[in-house]
Amino acid sequence: MAKINFGGVEENVVTRNEFPLAKAQEVLSNETVAVIGYGVQGPGQSLNLKDNGINVIVGQRKESKTWDKAVADGWVPGETLFPIEEALERGTIICYLLSDAAQIAVWPTVKKHLTAGKMLYFSHGFGVAYSEKTGIIPPTDVDVALVAPKGSGTSLRSLFVEGKGLNSSFAIHQDATGKARDRVIALGIAVGSGYLFETTFYKEVTSDLTGERGTLMGAIQGLFQAQYEVLRANGHSPSEAFNETVEEATQSLYPLIADNGMDWMYANCSTTAQRGALDWKDKFYAATKPVFEQLYKSVTDGVEAKNSIDSNSQSDYREKLEVELEAIRNSEMWRAGKAVRGLRPENVPVPKPEEALV
Ligand SMILES: NC(=O)C1=CN([C@@H]2O[C@H](COP(=O)(O)OP(=O)(O)OC[C@H]3O[C@@H](n4cnc5c(N)ncnc54)[C@H](O)[C@@H]3O)[C@@H](O)[C@H]2O)C=CC1
Ligand SMILES: CC(=O)[C@](C)(O)C(=O)O
Ligand SMILES: [Mg+2]
Ligand SMILES: [Mg+2]
């Protein structure tokens, strides 16, 4: 493992240099990796594993949209695509990539097929860390570990195809065979991770629930909406408000942060912007820090896990979700956003020269 200094704190990480793909292929050479679930992570991880030369099969409910998607992606029924129970039977490593709520429902079936020496793999600490709520308590004679890609399965696949990779955490909950560490790191490399950092199931779930409710998803919509509404209430057009709130962020300034950090983004904006941003950042920090503290407590108190399980286990979960997403989609801000995206130069057809002259 490489020791890397992150802002003054040394951590052990694994990169493709210490653990090349060839080593991952060797570690997994006698395994059948069964990816259970073909939602968001399932396709990304299974296709990357396959393209990396790993023996992988997919287990998915028959007669579901995602079964059809798996077939469209090249998985062959009866050869590499099976109903869940058959895949569980065939797999020596079970990648449990159903939604966290579905993992609770299907657990009794999974447990039946966890014979000694197999590995149970997750991409979230949820099921095991909240075992008193989920009932997921693996038998003691199997390895239990996780690789949690820090991003959507959609990006895991698209970055892999571009020759890049998402960073992932990994954790070992149970090492029954003495090989859990090699197995999980091999899987982490083979699913297309950038670098891997070590954590525990509990730390993974508490940080992940915080991040997605916070800056990654929840906070960002709240922040965008608040600024957009203030601009609109003061007579700015939707186009102006959307460009100053979202489009400039995602198209120009956030990619600069991604490339070289916040100070570099500031340094590449005007002196006027720099002064204002430096003056106002502390006010936003002070306003939001208590909310993040409240959020973290809600996570560690188990409230967030309970809310997720309660709502995601309902049979009409998808319909209710669609109503809430529809409300966001239909808000003026995101309708304006759709129009703005449509006007990006790459989305505007180039007129033929004679038309352009008219
Ligand atoms: N969505 C993402 O990009 C990320 C997900 N994760 C974790 O990865 C795991 C998988 O998450 P997603 O890919 O988002 O799952 P998902 O919500 O897309 O669902 C995956 C599959 O579960 C199946 N399913 C749902 N209910 C079922 C039931 N009752 N019986 C049988 N199958 C059922 C669906 O057909 C689907 O193929 C979770 O632990 C999640 O927290 C981790 C990082 C990112
Ligand atoms: C994409 C990801 O890692 C999230 C936001 O934590 C999730 O989908 O659960
Ligand atoms: Mg998450
Ligand atoms: Mg996450």
Side-chain angles (χ1 to χ4, degrees), residues 13 35-49 66 69 95-106 121-131 133-134 136 145-162 164-171 173 184 187-188 191-224 250 254 258 291-292 295-313 317-318 320-322 324-325 328:
V13 302
V35 172
I36 308 299
Y38 208 72
V40 183
Q41 279 296 320
Q45 296 198 26
S46 59
L47 291 168
N48 291 359
L49 285 163
T66 43
K69 176 172 159 38
C95 297
Y96 202 19
L97 299 182
L98 299 183
S99 69
D100 296 300
Q103 288 179 20
I104 300 172
V106 180
Y121 161 109
F122 294 86
S123 284
H124 201 4
F126 199 100
V128 165
Y130 295 119
S131 61
K133 292 186 173 69
T134 63
I136 297 179
L146 69 74
V147 170
K150 294 292 118 186
S152 168
T154 310
S155 330
L156 187 71
R157 180 61 183 165
S158 60
L159 288 171
F160 176 84
V161 170
E162 288 170 38
K164 301 176 183 169
L166 277 183
N167 302 327
S168 302
S169 58
F170 75 98
H173 173 69
V184 74
L187 287 161
V191 298
S193 302
Y195 80 85
L196 292 154
F197 58 97
E198 190 160 7
T199 186
T200 64
F201 273 56
Y202 182 72
K203 284 227 162 80
E204 195 286 330
V205 75
T206 48
S207 58
D208 192 82
L209 295 185
T210 302
E212 66 203 15
R213 282 155 182 71
T215 59
L216 304 177
M217 295 171 70
I220 204 75
Q221 165 65 9
L223 197 66
F224 284 166
T250 59
Y254 292 179
V291 185
F292 284 106
L295 163 59
Y296 193 75
K297 184 166 185 310
S298 183
V299 169
T300 51
D301 284 351
V303 174
E304 297 305 312
K306 182 178 183 308
N307 289 348
S308 293
I309 293 170
D310 289 351
S311 87
N312 300 354
S313 307
Y317 169 72
R318 296 268 161 205
K320 284 186 177 154
L321 169 74
E322 184 44 36
E324 289 184 79
L325 295 184
I328 294 179

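One-based numbering, in listed order, for ligands and for the atoms of each. The structure presented is a predicted model; accordingly, all values stated were derived computationally and were not measured.
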Might you point out which heavy atoms bring T134 and G127 nearest each other, and give the distance in Å?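 Looks like OG1-O, 2.6 Å.
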
Does E162 CD have over 12 foreign heavy atoms under 6.0 Å away?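 Yes, the 6.0 Å shell around CD holds more than 12 heavy atoms from other groups.
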
Pairing of K150 and E204 as salt bridge, 4.0 angstrom limit: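 The answer is yes: the pair qualifies as a salt bridge.
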
Residues that Q103 engages under side chain to side chain contact (heavy atoms under 4.5 Å, CB included), provided they are two or more places apart: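 Q103 satisfies side chain to side chain contact (heavy atoms under 4.5 Å, CB included) with Y96, L98, D100, F122, I136 only.
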
Could I get the full list of ring pair (Phe, Tyr, Trp, His ring centres under 6.0 Å) partners for F126, not counting sequence neighbours?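 Residues passing ring pair (Phe, Tyr, Trp, His ring centres under 6.0 Å) with F126: H124, Y130.
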
Could you tell me whether a side-chain N or O of S193 sits under 3.5 Å from a main-chain N or O of G188, the two making a donor and an acceptor?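 Yes.
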
Report yes or no: does T300 contribute a side-chain atom to a donor-acceptor pair with the main-chain N or O of K297 at less than 3.5 Å?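 Judged by distance alone, yes, a pair lies under 3.5 Å.
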
Work out how many protein N, O or S atoms lie closer to the Mg ion (ligand 3) than 2.8 Å.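 Considering protein N, O and S only, the Mg ion (ligand 3) has 2 within range.
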
Set of residues that line ligand 2, where lining means a heavy atom lies under 4.0 Å from it: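 For ligand 2, the contacting residues are P149, G151, S152, D208, E212, M217.
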
Picking from L196, N167, L156, what satisfies side-chain contact (heavy atoms from CB on, under 4.5 Å) with P149?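 The passing option is L156.
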
Less than 4.5 Å apart, any side-chain heavy atom of V205 and any of L209?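 With C-beta onward as the side chain, the pair touches.
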
